[in-house]
Number of protein chains: 2
Amino acid sequence: MNRTGNGVSFNLEALPRFSERRSLGDRVLKSLRQAIVRGAIGPGDRMVENRIAEAMGISRTPVREALHKLEQEGLLERLPRGGFVVLGLSRKDIEETFGIRGVLESYAARLSALKYQRDELVPLHEKAAEYERFLNGRDLDALTRINTQFHDLLYALSRSPRLIRMINELRDQIFRFRQIILSNAALARVSHEDHKRMLERIEKRDADGVERLVKDHIMRGCAAVLQAYDDDQSSFNPSPGRLLEERLRAGGEKRQGKGQ
Amino acid sequence: MNRTGNGVSFNLEALPRFSERRSLGDRVLKSLRQAIVRGAIGPGDRMVENRIAEAMGISRTPVREALHKLEQEGLLERLPRGGFVVLGLSRKDIEETFGIRGVLESYAARLSALKYQRDELVPLHEKAAEYERFLNGRDLDALTRINTQFHDLLYALSRSPRLIRMINELRDQIFRFRQIILSNAALARVSHEDHKRMLERIEKRDADGVERLVKDHIMRGCAAVLQAYDDDQSSFNPSPGRLLEERLRAGGEKRQGKGQ
DNA sequence: AAAGAGATGATTCGATCCAACCCTGAAACC
DNA sequence: GGTTTCAGGGTTGGATCGAATCATCTCTTT
């Protein structure tokens, strides 16, 4: 981490700063995306360049850039009267997204099974073990994170950057509901079994097997999310039964008192 | 002039104008994307806000917006020294892209086979017939266009807008080579046979069958493109064997004499 | 002559300004 | 009283300007 390079000219402190070297627009993009994915900006919320810029104490230019990119990513939608809304998910949206994830991720797993090199499975085994260690705990957040990392590691073996990028984008769209998936302890345990089976198949270069495993795995996640959806749509959709505009006008501005 | 606020008169002429109501940024985006896809701006060409804006006689703001979006779409890449380059395709890129298209489009076709309604196949049959009529002609451009339309119609039946959007983006990335695919008369004929078989399967709701057909169809296209690639890499890559920068410095500005 | 420091040019990024647009509400007119 | 028109506010879009960045080139110094 903080390599305080004492005395030597190999000052590595300059390197970490590179991550902060992003443009303001990029940081705004990332920040807003995170806020949406984490649910801090629920679905149905209206986003206006002006207010966001003011709240952040910056000009509208980088905010505009970020909003446009978010729209392109499918997280936002242009409002007829100006501004954007955070998209909610209908039941159909959930089914659609999981369907695409199913084919994409199972394909990635297939490629991984075919292409991985000898010692590249070690990190995967480690990650699976780490997952197991958290299974009995109550740290859902960690479980979610480790689960994501496992899949990331798996798909990385496919050496298909486009594919990985597309998978990540899709995952963002339903990340909010990943919590829901894994908050079901039973499902978390099943997931762990799935992971172990996947690794077995991959070691045997059984592409068909792992493809089917991953597809089933995803579809189980889909079923869990749909279950949660039927139980409580309010966390998926903008305030139900009411028009967005009405809600906005009624609710006034949300958390704007941030100042600079 | 467009303030036809009366609303009562059935003046439908006002409607078509709606499509021109795009913002400048959007038009620039579309224009540049088309230029890239059509090959007017070959791979390896450098694109700089300033020059494009000047050439178009507009400010740099909409150009910047367009370039960023093109980057997000994967057609452009940021250059370390400023500006962007149009990405070329390596053999690996081609295989990767077609692989993803294979799973995505075959999945879309599967959904279409399951979801289509009674009379929705009519336009597809018509399009296939239209394709056949052009088969013996030499109008490759028309053949390409009709072929694309056929697939668009097919996937539209899946009622999966996200999926369609992803397919379109991937198609753009290799559209330049679609010409190559269909310029092979034999392949064009095979494609037509494929289309007819797809329709047969779909009518029987044979999802598995049509899925396999489409995947094979795509993979045949992949093989054709790879063949063309091996024959002549120059149309896929920036000037071979030379660094982009060198080429740029050596070649000076390309076709900039457009002025305003 | 080689190496380093500063100047220079090209380029993107962020801020700000102005114009266009759309909706809304109210006033005026028929 | 209903309809039309006009004015106003909010919002985005485009232009322009200043600043920061980065590489290259040159000049100076050792």
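Reminder, nothing fancy here: chain letters follow the sequence lines and each chain counts from 1.
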Round to a whole Å and report the spacing from CG of B:L29 to C1' of D:dG13. 15 Å

Any side-chain heavy atom of B:Q173 within less than 4.5 Å of one from B:I100? no

Do A:L170 and A:I174 have side-chain heavy atoms sitting under 4.5 Å apart? no

B:L76 side chain reached by B:V86 side chain, heavy atoms, under 4.5 Å: yes

Can you measure A:L79 atom CG to D:dG10 atom P for me and round it to whole angstrom units? 17 Å

note: B:R78, atom CZ; D:dT21, atom P; distance rounded to Å ~ 16 Å

Look at B:H68 and C:dT12 and indicate whether a side-chain polar atom (N or O) is within less than 4.0 Å of OP1 or OP2. no

Would you say the side-chain atoms of B:R165 and B:N168 include a donor-acceptor pair closer than 3.5 Å? no

I need the CZ-C1' distance between A:R51 and D:dG10, as an integer number of Å. 9 Å

I want to check something: taking the side chain as every heavy atom from C-beta on, are B:M47 and B:L79 in contact at a cut-off of under 4.5 Å? no

d(CZ, B:R81; P, C:dA10) in whole Å: 12 Å

Go through it in stages, so that I can follow the logic: the residues are B:E73 and B:K69, the test is salt bridge (charged side-chain N to carboxylate O under 4.0 Å, His left out), and I'd like the CA-CA distance, side-chain angles, deciding distance and then a yes or no. CA-CA 6 Å; B:E73 286 182 20; B:K69 287 186 179 173; over 6 Å; no

Where do N or O atoms of nucleotides 14-17 of chain D meet protein N or O atoms at under 3.5 Å, pair by pair?
| residue | atom | partner | partner atom | Å |
| --- | --- | --- | --- | --- |
| D:dG14 | OP1 | B:L24 | N | 2.4 |
| D:dG14 | OP1 | B:G25 | N | 3.1 |
| D:dG14 | N7 | A:R64 | NH1 | 3.4 |
| D:dG14 | N7 | A:R64 | NH2 | 3.3 |
| D:dG14 | O6 | A:R64 | NH2 | 3.3 |
| D:dA15 | OP1 | B:S59 | N | 3.3 |
| D:dA15 | OP2 | B:S59 | N | 2.9 |
| D:dA15 | OP2 | B:S59 | OG | 2.5 |
| D:dA15 | O5' | B:S59 | OG | 3.2 |
| D:dA15 | N7 | B:T61 | OG1 | 2.7 |

